[in-house]
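Atoms considered below: every heavy atom in the structure, side chains included; atoms not considered: hydrogens, waters and symmetry mates.
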Amino acid sequence: MARFPEGAVTDQRFDVNLSILFTEYPLLERPAAAAAAGFTAVELWWPWTGTPTPDRSELDGLREALSDAGTQLVGLNFYAGKLPGPDRGALSVPGEESERFRANIDVAADFAESVGCKALNALYGNRIEGADPAVQDALALENLALAARAADRVGAILLIETLNKPESPRYPLVSARSAIEVVDKVNAATGLGNAKFLLDIYHLSMNGEDVSEDIAAYAGKTGHVQIADNPGRGAPGTGSLPLARHLEELRTAGYDGWVGLEYKPGDRPSAGAFDWLPADARAAR
């Protein structure tokens, strides 16, 4: 696997997504596994896919695991249904799923506050057969405004993410522009300005977008970045994306936030999927 040029990583802050890497370990062992690989910052999809309101003991257990490993949680998804799985969020899905999202808002925000996490990601949700898209969008805006206010209460930003159409054909936000439009609508609705774009380079590339143009256009509205190579959603160097160039473009555009490593380790233990990144560039800066 190719290593990045040193200059491409020295000014970056990397974190590991523990919902796609180190999944060979139980949830509460993943922070320590990431720390053993040299990382001190991590992120997570909502870990309890079956419930938006886990028992306090489960929340306490994750909080303790993060603390014991010396890892900082820098990003957390709100409840998003079965992810990984068929779902892509709950907040625009009328009925029970929307109610589950609402039940989760304060739970996720309070947990984030308790561990110093400053970014909460709200996946929009799939289009539902028989549901009016305009009704789904109105529900989404209502729920995103609630989430933005909860995030603001705990000093966090709200992230809104573009996914990719080939892998998520019923997800409506499949361009950078579509997500930015929602970001702008949420900020207009709340007046808080804490809704930001989650710029995932892999998803944008899968949609056929010019990633360099997106970075130039939207870096100022970006609150978090995630990377994986394409094709394959593997580690940098396993595909053909110019990820080192894109990271430099982000830095030049003024982005100094986290870069989440959200890729598949391939047919090896997760600890072996970081050869591209020098050991001294893994710890949080």
Enquirer: Decide if the gap between the ring center of Phe101 and the ring center of Phe78 is smaller than 6.0 angstrom.
Expert: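 Centroid distance Phe101-Phe78: below 6.0 Å, so yes.
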
Enquirer: Consider only side-chain N and O atoms of Gln72 and Thr40, and report whether a donor and an acceptor are under 3.5 Å apart.
Expert: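 Judged by distance alone, the side chains do not pair up.
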
Enquirer: So, Asp184 and Lys221, do they make that salt bridge, N to O below 4.0 Å?
Expert: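 Judged by the 4.0 Å cut-off on N to carboxylate O distance, Asp184 and Lys221 do form a salt bridge.
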
Enquirer: Determine whether Leu163 and Leu173 make a side-chain contact, defined as any pair of heavy atoms from C-beta on separated by less than 4.5 Å.
Expert: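 No. Closest side-chain heavy atoms not under 4.5 Å.
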
Enquirer: Answer yes or no: is there a donor N or O on one side and an acceptor on the other, between the side chain of Thr190 and the main chain of Val186, under 3.5 Å?
Expert: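 Yes.
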
Enquirer: Report yes or no: does Thr71 contribute a side-chain atom to a donor-acceptor pair with the main-chain N or O of Leu66 at less than 3.5 Å?
Expert: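 Checked: pair present.
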
Enquirer: Salt-bridge test for Lys185 and Glu181: reply yes if a basic N is under 4.0 Å from a carboxylate O, no otherwise.
Expert: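 Judged by the 4.0 Å cut-off on N to carboxylate O distance, Lys185 and Glu181 do not form a salt bridge.
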
Enquirer: Ion pair present between Glu142 and Arg102, side-chain N to carboxylate O less than 4.0 angstrom?
Expert: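 So Glu142 pairs with Arg102 through a salt bridge.
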
Enquirer: Check whether any side-chain N or O of Asp87 sits under 3.5 Å from a backbone N or O of Gly89 as a donor-acceptor pair, and report yes or no.
Expert: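 Not confirmed, Asp87 side chain does not pair with Gly89 backbone.
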
Enquirer: Between Asn77 and Leu83, is any pair of side-chain heavy atoms under 4.5 Å apart?
Expert: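 SC-SC contact between Asn77 and Leu83 confirmed.
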
Enquirer: Can you measure from CD (Glu161) to OG (Ser168) and round to the nearest 0.5 angstrom?
Expert: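 Taking CD in Glu161 and OG in Ser168, the distance rounds to 9.0 Å.
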
Enquirer: Using distance alone, with no hydrogens and no angle criterion, decide if Asn207 and Asn164 have a side-chain donor and acceptor under 3.5 Å apart.
Expert: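 No - no donor-acceptor pair under 3.5 Å links their side chains.
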
Enquirer: Would you say the side-chain atoms of Asp200 pair up with the backbone N or O of Tyr202, donor to acceptor, closer than 3.5 Å?
Expert: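 Yes.
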
Enquirer: Relative to each other, are the rings of Trp48 and Trp46 parallel, tilted or perpendicular (30° and 60° limits)?
Expert: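 Because their plane-to-plane angle is over 60°, the rings of Trp48 and Trp46 count as perpendicular.
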
Enquirer: Tell me whether Glu248 is salt-bridged to Arg245, with the criterion being a basic N under 4.0 Å from an acidic carboxylate O.
Expert: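 No.
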
Enquirer: More than 12 heavy atoms of other residues, nucleotides or ligands under 6.0 Å from CD of Glu167: yes or no?
Expert: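 Result for CD/Glu167: enclosed.
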
Enquirer: Do Leu198 and Ile160 touch side chain to side chain, with heavy atoms closer than 4.5 Å?
Expert: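 Not in contact.
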
Enquirer: Could you measure the distance from the CG atom of Asn194 to the CD1 atom of Ile157? Nearest 0.5 Å is fine.
Expert: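 Reported to 0.5 Å precision, the distance equals 8.0 Å.
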
Enquirer: Answer whether the closest heavy-atom distance between the side chains of Asn121 and Leu123 falls below 4.5 Å.
Expert: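 In contact.
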
Enquirer: So His246 and Ile215, do their side chains get closer than 4.5 Å, heavy atoms only?
Expert: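 Yes, at least one pair of side-chain atoms sits under 4.5 Å.
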
Enquirer: Can you confirm whether Val42 sits close enough to Leu44 that some side-chain heavy atom of one is under 4.5 Å from a side-chain heavy atom of the other?
Expert: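 Not touching, per the 4.5 Å side-chain cut-off.
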
Enquirer: Check this for me, if you would: do Asp110 and Arg153 make a salt bridge, where the nitrogen-to-carboxylate-oxygen distance has to be below 4.0 angstrom?
Expert: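 Judged by the 4.0 Å cut-off on N to carboxylate O distance, Asp110 and Arg153 do form a salt bridge.
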
Enquirer: State, without any angle test, whether Arg30 and Ser19 hold a side-chain donor-acceptor pair at a distance under 3.5 Å.
Expert: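 Absent: no donor and acceptor within the cut-off.
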
Enquirer: Going by distance alone, is a donor N or O of one side chain under 3.5 Å from an acceptor N or O of the other, for Glu209 and His203?
Expert: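 Their side chains do not contain a donor-acceptor pair, so the 3.5 Å distance test is not met.
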
Enquirer: Whether the Ser114 and Arg63 side chains hold a donor-acceptor pair (N or O, under 3.5 Å, no angle test) is what I'd like checked.
Expert: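 Judged by distance alone, the side chains do pair up.
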
Enquirer: side-chain contact (heavy atoms from CB on, under 4.5 Å), that's the test. Do Leu76 and Leu73 meet it? Break it down for me.
Expert: CA-CA 7 Å; Leu76 176 66; Leu73 186 68; 4.2 Å; yes

Enquirer: Is any NZ, NE, NH1 or NH2 atom of the basic residue among Arg233 and Glu262 found under 4.0 Å from an Asp or Glu carboxylate oxygen of the other?
Expert: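 Yes, charged N to carboxylate O under 4.0 Å.
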
Enquirer: Where do Gly260 and Glu43 come nearest, in terms of heavy atoms and distance?
Expert: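 Answer, listing the atom of Gly260 first, then Glu43: CA-OE1, 3.3 Å.
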
Enquirer: Quiz question: by atom type and distance under 3.5 Å, do the side chains of Arg100 and Tyr79 form a donor-acceptor pair?
Expert: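 A donor-acceptor contact under 3.5 Å links the two side chains.
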
Enquirer: Taking Val16 as the starting point, is it possible to reach Ile201 by hopping between hydrophobic residues whose side chains are less than 4.5 Å apart?
Expert: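 Yes, Ile201 connects to Val16 through the hydrophobic network.
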
Enquirer: Any sub-3.5 Å donor-acceptor pair from Arg282's side-chain atoms to Leu277's backbone N or O?
Expert: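 Confirmed, Arg282 side chain pairs with Leu277 backbone.
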
Enquirer: Does some side-chain heavy atom of Tyr263 sit less than 4.5 Å from a side-chain heavy atom of Ile20?
Expert: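 The answer is no, as the side chains (C-beta and beyond) never meet within the 4.5 Å cut-off.
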
Enquirer: How long is the straight-line distance from CD1 of Ile128 back to OG of Ser92, given to the nearest 0.5 Å?
Expert: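 Spacing of OG (Ser92) from CD1 (Ile128) equals 7.0 Å.
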
Enquirer: Between atom OH of Tyr255 and atom NE2 of His224, what is the distance when rounded to the nearest 0.5 Å?
Expert: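 If I round to the nearest 0.5 Å, the distance is 6.0 Å.
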
Enquirer: Treat each ILVMFWY residue as a node, draw an edge where side-chain heavy atoms are under 4.5 Å apart, and state whether Phe274 and Val225 are in one component.
Expert: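 Per the 4.5 Å side-chain linkage, Phe274 and Val225 are co-clustered.
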
Enquirer: Taking all atoms of both residues into account, what is the closest heavy-atom pair of Ala103 and Thr53, and its distance?
Expert: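 What the structure gives for the nearest pair is O-CG2, 3.7 Å.
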
Enquirer: For Gly95, is there any backbone N or O sitting under 3.5 Å from a side-chain donor or acceptor partner on Ser98?
Expert: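 Answer holds: no.
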
Enquirer: Give the minimum heavy-atom separation between Tyr171 and Asn126, together with the two atoms involved.
Expert: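 Looking at all heavy atoms of both residues, the closest pair is N-OD1, 3.5 Å.
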
Enquirer: Asn230 versus Ser240: any side-chain heavy-atom pair under 4.5 Å?
Expert: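 No, too far: nothing below the 4.5 Å cut-off.
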
Enquirer: Using every non-hydrogen atom in the two residues, find where Ala41 and Ala284 come nearest and quote the distance to one decimal.
Expert: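 In this case the closest contact between Ala41 and Ala284 is CB-CB, 4.2 Å.
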
Enquirer: Hey, any chance Val74 and Val259 share a hydrophobic cluster, counting ILVMFWY side chains that come within less than 4.5 Å of each other, even indirectly?
Expert: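 No: no chain of side-chain contacts under 4.5 Å links Val74 to Val259.
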
Enquirer: Donor-acceptor pair, distance only, cut-off 3.5 Å: does the side chain of Arg88 make one with the backbone of Gly85?
Expert: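 Yes, because the side chain of Arg88 sits within donor-acceptor range (under 3.5 Å) of the backbone of Gly85.
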
Enquirer: Are Arg127 and Asp137 ion-paired here, with the side-chain N under 4.0 Å from a carboxylate O?
Expert: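 Here Arg127 pairs with Asp137 in a salt bridge, since their nearest N and O are under 4.0 Å apart.
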
Enquirer: Compare every heavy atom of Pro47 with every heavy atom of Leu27, then report the nearest pair and how far apart it is.
Expert: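 Nearest pair, atom of Leu27 first, then Pro47: CD2-CB, 3.6 Å.
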
Enquirer: Could you state the interatomic distance from OG1 (Thr162) to CG (Leu199), rounded to the nearest 0.5 Å?
Expert: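 If I round to the nearest 0.5 Å, the distance is 8.0 Å.
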
Enquirer: Where is the tightest heavy-atom contact between Trp45 and Pro84, given as atom of each residue plus distance?
Expert: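 Heavy atoms of Trp45 and Pro84 come nearest at CZ3-CD, 3.7 Å.
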
